[in-house]
Amino acid sequence: MSTTMITKSELLQHWLGHRKLTRKTIEKFPEKELFEFSVGGMRPFSSLIKELLSINVPGLKEMVTRETTPFSHDLPLNSKEELLTKWDEDTPKIIEYFNQISEDQLHETIKLFGQYEFSIISHLLYFIDNEIHHRGQGFVYLRALGIEPPFFWDRY
């Protein structure tokens, strides 16, 4: 007998909660530091956010359409407002594509972006884990700048 620990809908809500917290983190950054500040040779937070934007919706779209496209983290987003606008535009697209993936498809293997061959559920968990990882870097940057980051549990 198999027991479901988390439903597909609950997984989506979990991810969307993380997206809300990441958005709050972007908002906390002063404009200049969002694009220029780094610690220990890591990329600025804007670059980390561009990475997330370059893989989440395109990756989900590829899972649904099976049309492979290469990705580039070099997105033409050059202000906090542009990053937040793109973030907000992508949220309904994430919901739309996520909801087109059936539970039966979650364990299918797909080679995303022509490079990364894993099950769809593994890719989805990576997207969430990668966001949490990069947001953690953003929290470190904010603290180094003397700015209190949002509470890590405030995903609502």
Side-chain angles (χ1 to χ4, degrees), residues 6-65 67-101 106 110 112-116 118 120-156:
I6 184 171
T7 66
K8 187 172 154 262
S9 176
E10 289 168 333
L11 178 61
L12 176 60
Q13 292 311 306
H14 178 76
W15 186 7
L16 295 175
H18 281 292
R19 287 185 59 78
K20 288 176 186 172
L21 181 53
T22 301
R23 189 186 197 290
K24 292 175 186 181
T25 306
I26 298 167
E27 289 175 327
K28 288 274 190 169
F29 272 84
E31 184 86 21
K32 181 179 187 292
E33 286 75 7
L34 179 60
F35 289 87
E36 296 178 9
F37 187 79
S38 71
V39 172
M42 294 187 296
R43 295 174 286 163
F45 195 56
S46 63
S47 294
L48 305 177
I49 296 303
K50 288 179 186 183
E51 176 186 316
L52 299 175
L53 291 168
S54 71
I55 64 172
N56 291 343
V57 169
L60 281 166
K61 182 178 179 184
E62 188 171 331
M63 289 174 197
V64 170
T65 66
E67 295 172 10
T68 301
T69 56
F71 65 89
S72 170
H73 300 326
D74 188 25
L75 302 177
L77 304 169
N78 301 305
S79 70
K80 185 193 314 192
E81 181 181 342
E82 289 175 346
L83 285 172
L84 289 170
T85 297
K86 177 70 170 148
W87 193 263
D88 293 342
E89 290 171 356
D90 278 7
T91 298
K93 293 175 185 175
I94 286 171
I95 295 167
E96 176 187 346
Y97 286 124
F98 186 94
N99 285 331
Q100 291 180 54
I101 300 167
L106 291 176
I110 184 171
L112 274 190
F113 307 113
Q115 301 182 63
Y116 307 104
F118 299 101
I120 287 176
I121 189 68
S122 294
H123 286 298
L124 293 172
L125 292 171
Y126 171 81
F127 291 176
I128 297 166
D129 291 346
N130 192 41
E131 180 173 335
I132 294 166
H133 164 70
H134 286 323
R135 187 176 62 242
Q137 290 172 282
F139 276 32
V140 169
Y141 290 0
L142 288 171
R143 289 201 182 277
L145 291 166
I147 300 168
E148 182 76 22
F151 294 114
F152 79 94
W153 48 260
D154 188 12
R155 294 182 284 147
Y156 310 98

Chi angles and distances behind the side chain to side chain contact (heavy atoms under 4.5 Å, CB included) call for L11, I121: CA-CA 10 Å; L11 178 61; I121 189 68; 3.8 Å; yes
Test side chain to side chain contact (heavy atoms under 4.5 Å, CB included) applied to N99 and K8, step by step: CA-CA 9 Å; N99 285 331; K8 187 172 154 262; 4.3 Å; yes
From CA spacing to verdict: ring pair (Phe, Tyr, Trp, His ring centres under 6.0 Å), F37, F45: CA-CA 8 Å; F37 187 79; F45 195 56; over 10 Å; no
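Look at D74 and K50 and you find no salt bridge, because none of the NZ, NE, NH1 or NH2 atoms lies under 4.0 Å from a carboxylate O. Ion pairing between a basic and an acidic side chain is recognised when a charged N comes within 4.0 Å of a carboxylate O; E27 and K80 show no such pairing.
Residues L34 and I49 have side chains not in contact (no heavy-atom distance under 4.5 Å, counting atoms from C-beta outward). Contact check for E148 versus R143: side-chain heavy atoms found under the 4.5 Å cut-off. Counting heavy atoms from C-beta outward, L16 and L12 have side chains that approach closer than 4.5 Å. Looking at heavy atoms from C-beta onward, L124 lies in side-chain contact with L106 at the 4.5 angstrom threshold. Between Y126 and F118 the shortest side-chain heavy-atom distance does not fall below 4.5 Å. Residues N56 and W15 are in side-chain contact: their nearest non-hydrogen atoms beyond the backbone lie under 4.5 Å apart. With contacts defined as side-chain heavy-atom distances shorter than 4.5 Å, the pair I101/L60 qualifies. Counting heavy atoms from C-beta outward, V64 and F98 have side chains that stay 4.5 Å or more apart.
Within the model, atoms CZ of F71 and CG of L53 stand 13.5 Å from one another, a figure rounded to the nearest 0.5 Å. Distance check: I94 CD1 to K61 NZ gives 14.0 Å after rounding to the nearest 0.5 Å. For the atom pair I110 CD1 and S122 OG, the distance stands at 12.5 Å (nearest 0.5 Å).
Using a distance-only test at 3.5 Å, with no hydrogens or angles considered, no donor-acceptor pair links the side chain of H123 to the main chain of M63. For E10 (side chain) and T7 (main-chain N/O), a donor-acceptor pair under 3.5 Å exists by modelled atom type.
Classification of the Y116-F113 ring pair by plane angle, with boundaries at 30° and 60°, yields perpendicular.
Within the structure, side-chain hydrogen bond (donor to acceptor under 3.5 Å, both in side chains) contacts touching residues 81-90 (residues at least two apart or in different chains) are R23-D88, K86-D90. For residues 37-48, the side-chain hydrogen bond (donor to acceptor under 3.5 Å, both in side chains) pairs, not counting sequence neighbours, are R43-E51.
Considering all non-hydrogen atoms of both residues, E131 and H18 come closest at OE2-O, 3.0 Å. Here the closest heavy-atom approach between residue S54 and residue S72 is recorded as CB-O, 3.2 Å. For the pair P150 and L21, the tightest heavy-atom approach, listed with the atom from each and the gap, is CB-CD1, 3.6 Å. The two residues K28 and L142 come nearest to each other via the heavy atoms CB-CD1, 3.8 Å.
Under the side chain to side chain contact (heavy atoms under 4.5 Å, CB included) rule, F35 has a single partner from E33, K32, E31, which is E31.
The number of heavy-atom neighbours closer than 6.0 Å to NZ of K24, taken from other residues, nucleotides and ligands shown, is above 12.
Side chain to side chain, H134 and N130 meet the donor-acceptor criterion of an N or O pair below 3.5 Å. For R135 and T25, the side-chain atoms include no donor-acceptor pair closer than 3.5 Å.
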